[in-house]
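Computed over heavy atoms, backbone and side chain alike; hydrogens, waters and symmetry mates excluded.
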Protein chains: 4
Amino acid sequence: MVVAPLPVSSSAEPVSQRRRRKDARPSELTAAALDLFVEKGFAGTRLDDVAARAGVSKGTLYLYFDSKESLFKAVIEEGIVPALAAAEQQLADYRGSSTDLLRMILKGWWAQIGSTRLAGVVKLIISESHNFPEVAKYYHDRVIVRGRSLLRATLTRGIDAGEFRAMDVESCIDVTIAPLLMLIIWCHSLCICGHDIEPERYLDTHIDLLLHGLCERGPA
Amino acid sequence: MVVAPLPVSSSAEPVSQRRRRKDARPSELTAAALDLFVEKGFAGTRLDDVAARAGVSKGTLYLYFDSKESLFKAVIEEGIVPALAAAEQQLADYRGSSTDLLRMILKGWWAQIGSTRLAGVVKLIISESHNFPEVAKYYHDRVIVRGRSLLRATLTRGIDAGEFRAMDVESCIDVTIAPLLMLIIWCHSLCICGHDIEPERYLDTHIDLLLHGLCERGPA
Amino acid sequence: MVVAPLPVSSSAEPVSQRRRRKDARPSELTAAALDLFVEKGFAGTRLDDVAARAGVSKGTLYLYFDSKESLFKAVIEEGIVPALAAAEQQLADYRGSSTDLLRMILKGWWAQIGSTRLAGVVKLIISESHNFPEVAKYYHDRVIVRGRSLLRATLTRGIDAGEFRAMDVESCIDVTIAPLLMLIIWCHSLCICGHDIEPERYLDTHIDLLLHGLCERGPA
Amino acid sequence: MVVAPLPVSSSAEPVSQRRRRKDARPSELTAAALDLFVEKGFAGTRLDDVAARAGVSKGTLYLYFDSKESLFKAVIEEGIVPALAAAEQQLADYRGSSTDLLRMILKGWWAQIGSTRLAGVVKLIISESHNFPEVAKYYHDRVIVRGRSLLRATLTRGIDAGEFRAMDVESCIDVTIAPLLMLIIWCHSLCICGHDIEPERYLDTHIDLLLHGLCERGPA
DNA sequence: CATGAATGAGGTTTCATTCAT
DNA sequence: GATGAATGAAACCTCATTCAT
């Protein structure tokens with residue numbers, strides 16, 4: 001029971017203040033919920049706090065979402081798919097070396113997702129998928145499969161072109177993704193405690209090691 | 001609040017059945033708690049269920065632990081430190097190439113931690129550290145710092161010996177660890193949904209890419 | 001709090017569509033409320049549902065009624081009194097045997113009240129009077145007293161004329177009324193479950209037994 | 001999820017105070033609930049009040065009943081069936097005139113049910129069956145069907161023996177029962193408001209009218 | 001007049017914690 | 001030492017009521 005995730009009311013006619021507010025509410029609420037779910041986990045988040053952070057009363061939440069669980073699902077759904085679709089489009093007609101393409105994907109991922117509030121969604125999925133199998137399935141089908149396809153195409157292309165060594169592509173995909181996801185987790189959970197990570201340096205090292213590792217004698 | 005981390009009752013004198021049972025209780029309880037904390041998260045786990053899984057009454061939990069939170073801390077404390085100490089000892093007097101040492105560390109980590117129930121502790125820390133800063137601090141000081149030292153020493157040794165390229169060691173450590181931690185998370189949270197990971201293959205690829213990436217012309 | 005019990009707008013002057021609508025509103029609302037109060041009880045009825053059934057917004061209810069309770073009272077008040085007044089008038093100048101009069105009252109009650117939506121009001125009083133003593137008092141004074149008077153007069157007349165046996169009139173009244181009220185309750189509450197009642201047959205049997213019971217050797 | 005409706009612990013061995021209390025709890029709770037359900041209706045009854053009346057905390061209710069609804073069902077189930085079974089047994093081997101039998105049934109009903117707290121259960125069914133179809137079905141099958149059978153047998157026996165007129169038995173049953181049920185309703189709901197009923201007189205009149213009505217020339 | 005978004009008190013339900021047995 | 005019945009604070013959720021539009 002989610003309404004109009006994106007209030008695209010670019011018509012010329014004047015919309016009432018009230019209507020504009022109502023259109024904006026769902027994403028105000030999911031934004032507040034995202035922050036708290038990421039911070040406290042699903043079970044640890046109180047709807048009181050979500051409402052307070054969004055600046056509304058507890059009851060208002062229930063005008064837009066049937067239950068805590070449906071709010072959770074809306075948070076996930078609203079977050080990722082649009083971003084991924086954009087990424088796919090952007091890379092579809094890339095011309096250039098696979099090395100550059102791979103570098104561009106990883107950097108782009110950081111710019112578009114990893115460093116934004118969308119990263120919280122990723123954290124959420126990782127933490128809560130055990131308790132929400134349906135959400136995990138949804139996310140798997142809509143995001144993971146497509147994200148892996150992107151990398152698979154890139155790696156395969158590089159191997160076919162002789163840029164990369166012949167390797168087990170499927171596990172290469174996983175090993176490529178893993179440091180990205182851990183970066184999110186570190187930023188969201190563990191930065192607090194002592195050891196700070198500098199994302200740019202971390203990513204550069206990951207890319208450097210990866211491309212060196214993929215190429216027979218290091219990347220061009 | 002009593003916590004007997006390891007029921008080392010290897011004394012020769014005969015202990016009564018009841019006494020042995022009492023000594024074993026704490027770790028029976030933390031074992032049950034670990035499973036459920038990993039599966040449902042801290043807030044999502046009910047002490048009823050912990051007690052039921054351990055085969056005792058709910059009240060008994062409070063004979064051994066002051067509160068849900070102290071049970072959580074005991075789960076963490078009991079789990080990791082002994083394992084890490086063993087690993088440090090094992091590697092202290094290693095003689096051989098840094099390449100082999102690094103390979104051995106990663107494989108050993110999987111054998112001693114990643115594939116065992118200790119992995120659940122890691123998952124827990126990752127999921128819940130936000131809500132338990134003290135636990136995160138404790139874990140950081142006792143585990144993360146020492147684990148990173150191990151890798152730092154290995155990488156530095158390899159660079160000094162000319163086996164590895166000169167690189168930014170600190171971020172290399174993180175990038176090396178990340179796939180290990182993600183492997184745990186995948187096994188504990190996401191395996192359910194569709195994409196199965198084969199740990200051995202995944203680790204081999206990680207090691208292969210890493211060593212290729214670290215060496216100027218690939219590992220020997 | 002406005003209550004227009006009967007929208008008697010039979011004036012000759014033309015009223016605007018809007019005005020006619022406004023006059024009709026209160027009874028549209030009480031009609032919707034009656035249905036739901038009967039079906040779910042007072043506490044179990046949501047004003048949302050009342051408004052939806054009447055085809056107006058929830059706020060509109062509050063233009064006509066101060067509160068849920070005042071809506072309830074209006075439902076009761078609007079329902080019964082007019083019908084009873086009509087019945088009294090109709091029977092005032094009856095000439096004929098008491099047997100026929102009694103038969104006519106019971107049949108008439110079914111035709112005018114028992115089989116109509118007014119029956120719901122009776123059901124309501126029965127179910128909710130405990131929670132609304134004032135409403136019960138009001139109903140008692142306006143309806144019960146007068147209804148019993150009607151029967152008392154009829155029975156007394158029959159006894160005085162030698163048509164009926166001399167009996168305890170007050171309890172005869174109650175025993176006469178009881179099957180009528182239970183008929184309403186059965187139709188409104190219990191018909192659902194299995195045992196169907198055929199009101200005409202039921203009434204005929206009631207009248208037959210009653211008149212046989214009242215007369216020394218059965219009715220003429 | 002009801003436990004041991006009747007704590008038949010007449011064994012000689014001493015039971016702990018605590019155990020005895022636990023056995024008694026369910027019926028203490030249903031007794032309290034019955035009172036309030038009858039008085040306020042299902043939706044109008046707060047579990048706080050039920051708990052308070054039973055002298056326990058709100059949480060304790062949930063040790064014995066899964067939900068408000070299951071408490072309601074327990075109230076119904078616990079109440080009637082035993083009483084009816086007793087009545088059936090009592091009448092099974094009756095020898096005597098049908099007139100006396102019928103009189104005995106009606107008087108007995110008042111003594112065993114109508115004048116006891118079981119009457120509240122009847123009131124409840126009447127008020128709430130609309131909202132709880134399953135409960136209504138259960139009650140219909142277990143109570144109504146059997147109660148009607150009792151009367152059917154009696155009436156048929158009387159007609160066959162020539163004591164009663166040949167009549168439509170099914171509707172006679174309903175008309176016989178109706179004043180009993182209304183008596184309960186009056187005692188439980190409407191006595192408050194003015195018109196008091198005297199049950200004994202009311203019943204005598206009902207029986208008098210009924211037997212007179214059934215017999216060709218009045219009962220013997 | 002009419003709307004329906006917003007409110008918040010109050011209901012049902014859960015669960016960490018206590019304590020008499 | 002062990003139990004599990006009892007507690008009550010706090011969570012989720014509902015809905016009568018209000019008020020800006």
Side-chain angles (χ1 to χ4, degrees), chain A residues 15-23 25 43-51 54-71, chain B residues 2 18-19 21-22 25 43-52 55-71, chain C residues 18-19 21-22 25 42-52 55-71, chain D residues 15-23 25 43-51 54-71:
Chain A
V15 280
S16 75
Q17 183 62 33
R18 190 165 165 189
R19 177 56 193 260
R20 198 176 308 121
R21 198 64 196 275
K22 193 195 171 202
D23 288 343
R25 270 285 142 73
T45 296
R46 287 174 304 166
L47 291 187
D48 281 299
D49 292 343
V50 174
V56 300
S57 77
K58 199 174 19 171
T60 300
L61 272 176
Y62 286 87
L63 293 177
Y64 297 93
F65 303 98
D66 287 341
S67 65
K68 193 183 187 183
E69 189 165 333
S70 90
L71 172 62
Chain B
V2 188
R18 180 162 178 176
R19 176 56 191 261
R21 192 63 193 276
K22 189 194 161 204
R25 269 286 147 75
T45 296
R46 285 175 301 162
L47 291 187
D48 283 289
D49 293 342
V50 174
V56 301
S57 77
K58 197 168 27 165
T60 300
L61 273 176
Y62 283 85
L63 295 175
Y64 296 93
F65 304 98
D66 285 342
S67 65
K68 192 183 186 185
E69 191 164 332
S70 87
L71 171 62
Chain C
R18 180 161 179 178
R19 176 56 192 262
R21 192 64 194 274
K22 188 195 162 202
R25 269 285 146 75
F42 176 80
T45 296
R46 285 175 301 160
L47 292 189
D48 283 290
D49 292 342
V50 174
V56 301
S57 77
K58 197 170 25 167
T60 300
L61 274 175
Y62 283 84
L63 295 176
Y64 296 94
F65 304 98
D66 284 344
S67 66
K68 193 184 187 185
E69 190 164 333
S70 88
L71 171 63
Chain D
V15 278
S16 75
Q17 183 62 34
R18 190 165 165 188
R19 177 55 192 258
R20 197 178 308 122
R21 198 65 195 273
K22 193 195 171 199
D23 288 343
R25 270 283 143 75
T45 296
R46 289 174 302 167
L47 292 185
D48 281 298
D49 292 343
V50 174
V56 300
S57 77
K58 202 170 18 169
T60 299
L61 274 176
Y62 285 86
L63 293 177
Y64 297 92
F65 304 98
D66 287 340
S67 65
K68 192 183 187 184
E69 190 164 332
S70 91
L71 171 62

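- Using a 4.0 Å cut-off, some side-chain N or O of C:Tyr64 falls inside it from OP1 or OP2 of E:dA2.
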### Query
Just by protein heavy atoms under 4.0 Å, how would nucleotides 9-14 of chain E read 5' to 3' in B, S and -?
-BSBBB

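- Distance, B:Leu61 CG to E:dT17 P: 10 Å, rounded to whole Å.
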## Note on the structure
DNA chain F in dot-bracket form (Watson-Crick or G-U pairs under 3.5 Å, [ ] crossing, | inter-strand) is .||||||||||||||||||||

### Query
What's the verdict on side-chain contact (heavy atoms from CB on, under 4.5 Å) for D:Arg25 and D:Leu63, showing C-alpha distance, side-chain angles and the deciding distance?
CA-CA 10 Å; D:Arg25 270 283 143 75; D:Leu63 293 177; over 6 Å; no

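- Looking at every heavy atom in both residues, B:Lys68 comes nearest to B:Thr45 through NZ-O, 2.8 Å.
- A search for side-chain contact (heavy atoms from CB on, under 4.5 Å) contacts involving A:Ser57 returns A:Thr60, not counting sequence neighbours.
- Of all non-hydrogen atoms in D:Leu61 and D:Val50, the two that sit nearest each other are CD2-CG1, 4.2 Å.
- The side chain of A:Ser57 has E:dG8 as its nearest neighbour among F:dA2, E:dG8, F:dT7.
- Scanning both residues, B:Phe65 and B:Ser70, for their nearest heavy atoms gives CB-OG, 3.5 Å.
- Between the CG atom of D:Leu63 and the C1' atom of F:dG4 there is a distance of 9 Å, given to the nearest Å.
- In this structure D:Lys58 satisfies the side-chain contact (heavy atoms from CB on, under 4.5 Å) test together with D:Asp48, sequence neighbours excluded.
- B:Thr60 has a side-chain polar atom (N or O) that falls below the 4.0 Å cut-off from OP1 or OP2 of F:dT3.
- Of all non-hydrogen atoms in C:Ala43 and D:Ala43, the two that sit nearest each other are CB-CB, 3.7 Å.
- Rounded to an integer number of Å, the gap from CG of C:Asp49 to C1' of F:dA16 is 13 Å.
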